[in-house]
Amino acid sequence: MKALNLKNISWSLIISAMMCMVAFASCSDDEKEDVNITFPELKEETHVVGDEIEISFNAPVDWQLTSKAAWCKFVNGDFEDATTSGKAGNQTVTAKILGDGQDYINDNTTEIVLKMGDKEQVIYKITRSKKAFSGLTIKSVPEAEGEEAVEYSAENPIVVKGCDIDADRDGYLLINASLADANLKVGIKEGDNPDWVKVESTDNGFKLSFNRNNSEGFEPKNSIGKDKAGNIKFSVMTSDETIINEVAIPVEYEGLKEGVILVDPVYSNLTVSTDGQTFTEIPSGMETGTPTLKTYEEKLVSTITVRDDKFHVLVGSAIKKDALGATVFNYDFTETPDWVTIAQEEGVNITVTANPLGDATTQRGAIVLVLPENEWNKLKEGDINEALIDVEGWGEYSYHVIKDAYSKGIMATLIQEPEKQVGDQIVLTAFYAQDINDWSQVTEDDLTPIEMIEGSLQTGEEIKTMLQDNGIDVMGEQAWLLSVPNFMKGSSFCIRVDNVLPEHQMGMPFNPWGTDNVRCHEETINGKRYIILTALKDNITIPSEPCSVIIGDQDSGVFPAECYFQFY
């Protein structure tokens, strides 16, 4: 190996090379120190959860972005990070607004910091809006199978159901309040509903009804529209009852229940005097004893209670008839009697007056029926008789009744007919007595109506037909049938005969028991004529042949009435 000969090396060349190396290193350091780092202009923005922000900048050196809030993170493929970094160059980074820690009360703010080299600066100030309330739904609760819920809004008001005449039957509306966020709840603060609306909380909603004691002075019969009704304000609140939202929905009231009506007073069935001035109750035919019949003079007046005071007065014809001893009627609303006058006063009062009978010689009758206006509008285009009338009974014993849905609107049934002369029609009333020793001291108060001992007294063409169909030769123009338990010793069946002429005779053409067993005698009680059968012994046998008492004139052969006995 040769030894390095330092004598032949140029020291000047070595020194020059070393000076160049020092100069190059010095130049590199100067270039790094001279890099121009410019940060993007500060941006301040407001965003909601789910928004994405594109952050663009030019980095001359390595860089790093940092978010100061957990709810703002940078998208890195399938990941989301609080920091992200990269090499020099033009950059676009996506930041996403998340829902972590968001509430309904406060907005949140944060900053994004960009670091380049040994410098850093806030380049974004972001406000995340507080959680927006959504998802309150107010719906009716269906009452019947197949009924659909109604959703309420500012355009579709809540309609509270109507009252009844009886407050215990007032209607109410159940509504359900549902929220998308189960952590929230809904309430109605005191004063946030009109005073006419009664609000009661239920498990998941509210029960709304009309407040009869409201301070606004609204009556339960009248509907309340949007011009007067007001709003119900539903408050949405957090678990600590901090209110985060209020929703006002209009509320209305439908008024008195559809179809409900009150006529006060109701006059039932009345006869009208021939001069049209006196109205007298008609016995039903089922009363016991001597009923007290009410009388009204000149006119009938009733007050009508119905929704919004809107009603229609319908007057039809009525024909009185007898069905197995009861007073019944046939109606026809296609005929309008012209002898009855209806006047409406003060909006809610109906006055009924009647014309004199004049020269008419036959019965005429009328029924006055009041219908709510909305009911009348439904019925008026159809068959009015079919809509209003039910037929009871059968064949010649059939008669009419007003259907239950409309029967509360009957104000009165009026019958006007020529005055009957004494003797024109015999009227019988039956009583029972026991152990009467002195008939001259007896008053009608001492007698028991026959119905009280499970007896009955019936008349009419159907009774006459029934007797004749059983082979009985009825002599009387009127046929009566007295059904009673068999005699006991001392018992008496007493038949009061009204409208009988003085010359008429009363008695039994044939006494099947014999005068030693049953006595048939006439007595006068309280000025009225009675025919009486009294048992004189025990163990009276029920006769095998029909027996009767007859009222009339044997000489002339005229017998206005005959009463047959049926024992059991």
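- Electrostatic pairing of E216 and K228 does not count as a salt bridge here, judged by no charged N lying under 4.0 Å from a carboxylate O.
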Residues E373, K378; criterion salt bridge (Lys or Arg N to Asp or Glu O under 4.0 Å); working and verdict: CA-CA 9 Å; E373 186 69 29; K378 295 176 186 177; over 6 Å; no
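- Under the 4.0 Å criterion applied to side-chain N and carboxylate O atoms, K221 and D308 are not assigned as salt-bridge partners.
- Between K464 and E562, none of the side-chain N atoms (NZ, or NE/NH1/NH2) sits under 4.0 Å from a carboxylate O, so this pair counts as no salt bridge.
- In summary, D170 and R212 engage in a salt bridge, as defined by a charged side-chain N under 4.0 Å from a carboxylate O.
- Taking the six-membered ring where tryptophan is involved, the planes of F565 and F567 are essentially parallel, since the angle between them stays under 30° and well short of 60°.
- Checked against a 6.0 Å centroid threshold, the rings of Y296 and Y267 count as neighbours.
- Between F487 and W513, the ring planes are perpendicular. Angles over 60° get that label, and only those under 30° would be called parallel.
- No more than 12 heavy atoms of other residues, nucleotides or ligands shown are found within 6.0 angstrom of CD on E346.
- Looking only at distances, no side-chain donor or acceptor of D553 sits under 3.5 Å from a matching main-chain atom of H504.
- Taking CZ of F333 as the reference point, atom NE2 of H400 lies at 10.5 Å (rounded to 0.5 Å).
- Proximity of a side-chain donor or acceptor of R307 to a complementary backbone N or O of E254 within less than 3.5 Å is detected.
- A salt bridge is defined here as a Lys NZ or Arg NE, NH1 or NH2 lying under 4.0 Å from an Asp or Glu carboxylate O, and K320 with E417 meets this definition.
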